[in-house]
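This report refers to the structure that appears directly beneath it.
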Amino acid sequence: MKKLNEILEKAKKYGPKTVAVAASEDEVVLKAIDKAKKEGIINAMLVGDVEKTKKLANENNIDLSEYKLVDAKDYNDAAEKAVKLVADKQADFVMKGKIKTGDLMRVVLKEEYGLRTGKTLSLVSIFETPLYHKLLVVSDAGMTIAPTLEQKVDLINNAIFVAKKAVGVEIPKVAILGAVEIVNPKMPATIEAAILSQMNKRGQIKGCIVDGPFALDNAVSKEAAEHKGIVSDVAGDADVLIMPDIEAGNIFYKSMVFLGGAKVASAIVGAKVPVALTSRADSDETKLLSLALTTLLAGDLNV
């Protein structure tokens, strides 16, 4: 798969799925939901301040007659009610509205709702750029601050699930990134990359090919890899990039979008249901593509 629009078309065949929006009194989210509903990929249950939600919808010419509205007294109440709708099988996944991501995820991970898997949650993003020959799955730009070795295994598994389910890659090639492509004892990211590569070779990480450490250029450019004398099935042809920490991931994400002109779709993965989130800085297209991605993942998250 080379274009993110293919994910949208795939979601149209797979959906519609029902999303429970936590704190629906958010103009950006309401516009995204309305566009996705018109594309036939979602139905929605809007949980939040009903009067504010109606006012915003009216100001943006959004017809709420086909949506179920659930009143909530505050953001935390909205999160509780939205997550409960998913836990009770009335909705397929949750979407972040006008609530902080951390506040929503704390509710998602409450033991009483049964949505935890014991695995690390991560933001998995899919990029489309004219400078790369296929879609590129990247983690983690927004959830795990400084992942441990064990957490990086979860990040890999989350990312390869998305690569297989959404992008259609049977055996994803996973590049573990650092600043350099050689193991340097003074750079922990390079040591962990080598360990993860060996874990994959010994069957501890399955369903993919893992190699590293790679500097970014070696992972996505065959010419750069050959220039450094790197012989690897992953070098220059990675399907998945695993970032060393949230700083690198966040800078990569924003550089790709704001300087590189890349298109992107993202979802939080690692619980029994995915979580959709949109940022005010996201384009309308990004919001729609992210909802399409989350729709594809909903109901089949056995990670």
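Model, not experiment: these values are computed from the prediction.
Residue Thr120 holds its OG1 atom at 7.5 Å from CG of Asn158, rounded to the nearest 0.5 Å. Remark: Ile7 CD1 to Ile126 CD1 distance equals 3.5 Å, nearest 0.5 Å. Interatomic distance, CD1 of Ile33 versus CD1 of Ile42, reported as 4.0 Å (0.5 Å rounding). We find the NZ-CG distance between Lys254 and Leu259 to be 12.0 Å, quoted to the nearest 0.5 Å. Atom OG of Ser122 and atom CD1 of Ile246 lie 11.0 Å apart (nearest 0.5 Å). We find the CG-CG distance between Leu293 and Leu4 to be 8.5 Å, quoted to the nearest 0.5 Å.
Both Leu288 and Val29 are assigned to one and the same hydrophobic cluster, defined by single-linkage of ILVMFWY side chains at heavy-atom distances under 4.5 Å. Hydrophobic clustering (ILVMFWY, side-chain heavy atoms < 4.5 Å, transitive): Val70 and Val19 are in distinct clusters. Leu135 and Leu296 end up in the same hydrophobic cluster when Ile, Leu, Val, Met, Phe, Trp and Tyr side chains are linked at under 4.5 Å. Residues Ile182 and Val210 fall into different hydrophobic clusters, defined by Ile, Leu, Val, Met, Phe, Trp and Tyr side chains chained together at heavy-atom separations under 4.5 Å. The same ILVMFWY cluster, assembled from side-chain heavy atoms under 4.5 Å apart, contains both Ile205 and Ile176.
In this structure, the side chains of Phe161 and Val137 stay at 4.5 Å or more apart for every pair of heavy atoms. Annotation: side chain of Val83 is not in contact with side chain of Val273 (no heavy-atom distance under 4.5 Å). Under the 4.5 Å side-chain criterion, counting only non-hydrogen atoms from C-beta, Lys222 is in contact with Asp237. A heavy-atom distance below 4.5 Å is not found between the side chains of Val275 and Thr294. A 4.5 Å side-chain heavy-atom check between Phe127 and Val257 finds at least one atom pair inside the cut-off. Side chains of Leu30 and Leu46 form a contact here, defined as non-hydrogen atoms less than 4.5 Å apart. With a 4.5 Å cut-off on side-chain heavy atoms, Tyr113 and Val107 count as touching. Phe252 has its side chain out of reach of Leu177: every pair of non-hydrogen atoms, C-beta onward, lies at least 4.5 Å apart.
Side-chain atoms of Lys37 and Asn43 form a donor-acceptor pair, as typed in the model, at a separation below 3.5 Å. For the residue pair Asn58 and Lys54, no side-chain donor N or O sits within less than 3.5 Å of a side-chain acceptor on the partner.
Counting all heavy atoms, side chain and backbone alike, Tyr14 lies closest to Ala298 at OH-O, 3.7 Å. Closest approach of Val264 and Ser290 over heavy atoms only: O-OG, 4.4 Å. Here the closest non-hydrogen pair linking Ala194 and Pro213 is N-CD, 4.3 Å. Closest approach of Glu170 and Lys164 over heavy atoms only: O-CE, 3.1 Å. Nearest heavy atom pair, residue Tyr132 against residue Gly236, reads OH-O, 3.9 Å. Contact record, Val47 with Lys81: CG1-CB, 3.7 Å, taken as the closest heavy-atom pair.
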Could you tabulate the donor-acceptor pairs under 3.5 Å formed by side-chain atoms of residues 143-150, not counting sequence neighbours?
unit_1, atom_1, unit_2, atom_2, d
Thr144, OG1, Leu121, O, 3.2
Thr144, OG1, Asp140, OD2, 3.1
Thr148, OG1, Gln151, N, 3.1

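A salt bridge links Lys55 to Glu59: one of the charged nitrogens lies within less than 4.0 Å of a carboxylate oxygen. The residues Asp284 and Lys287 are annotated as salt-bridged, a charged nitrogen and a carboxylate oxygen being separated by less than 4.0 angstrom. In this structure, Lys31 pairs ionically with Glu27, as a charged nitrogen and a carboxylate oxygen lie closer than 4.0 Å. Salt-bridge check for Asp239 with Lys134: passed, with a basic side-chain N closer than 4.0 Å to an acidic carboxylate O.
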side-chain contact (heavy atoms from CB on, under 4.5 Å) evaluation trace for Ile156 with Val240
CA-CA 8 Å; Ile156 292 169; Val240 174; over 6 Å; no
Is there a side-chain contact (heavy atoms from CB on, under 4.5 Å) between Leu291 and Phe93 once you walk through the steps?
CA-CA 10 Å; Leu291 276 166; Phe93 65 96; 4.2 Å; yes
Report the C-alpha distance between Val174 and Ile160 in whole Å, list the side-chain angles of each, state the deciding distance to 0.1 Å, and finish with yes or no for side-chain contact (heavy atoms from CB on, under 4.5 Å).
CA-CA 8 Å; Val174 181; Ile160 65 173; 3.7 Å; yes
Take Tyr67 and Ser24 through the test side-chain contact (heavy atoms from CB on, under 4.5 Å) and record every step on the way to the result.
CA-CA 11 Å; Tyr67 300 110; Ser24 56; over 6 Å; no
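Among Lys2, Lys3, Met1, the one residue that satisfies the side-chain contact (heavy atoms from CB on, under 4.5 Å) test with Glu128 is Lys3.
The salt bridge (charged side-chain N to carboxylate O under 4.0 Å, His left out) analysis of residues 200-221, with sequence neighbours excluded, yields no pairs.
Atom NE2 of His227 has 12 or fewer neighbouring heavy atoms from other residues, nucleotides or ligands inside a 6.0 Å radius.
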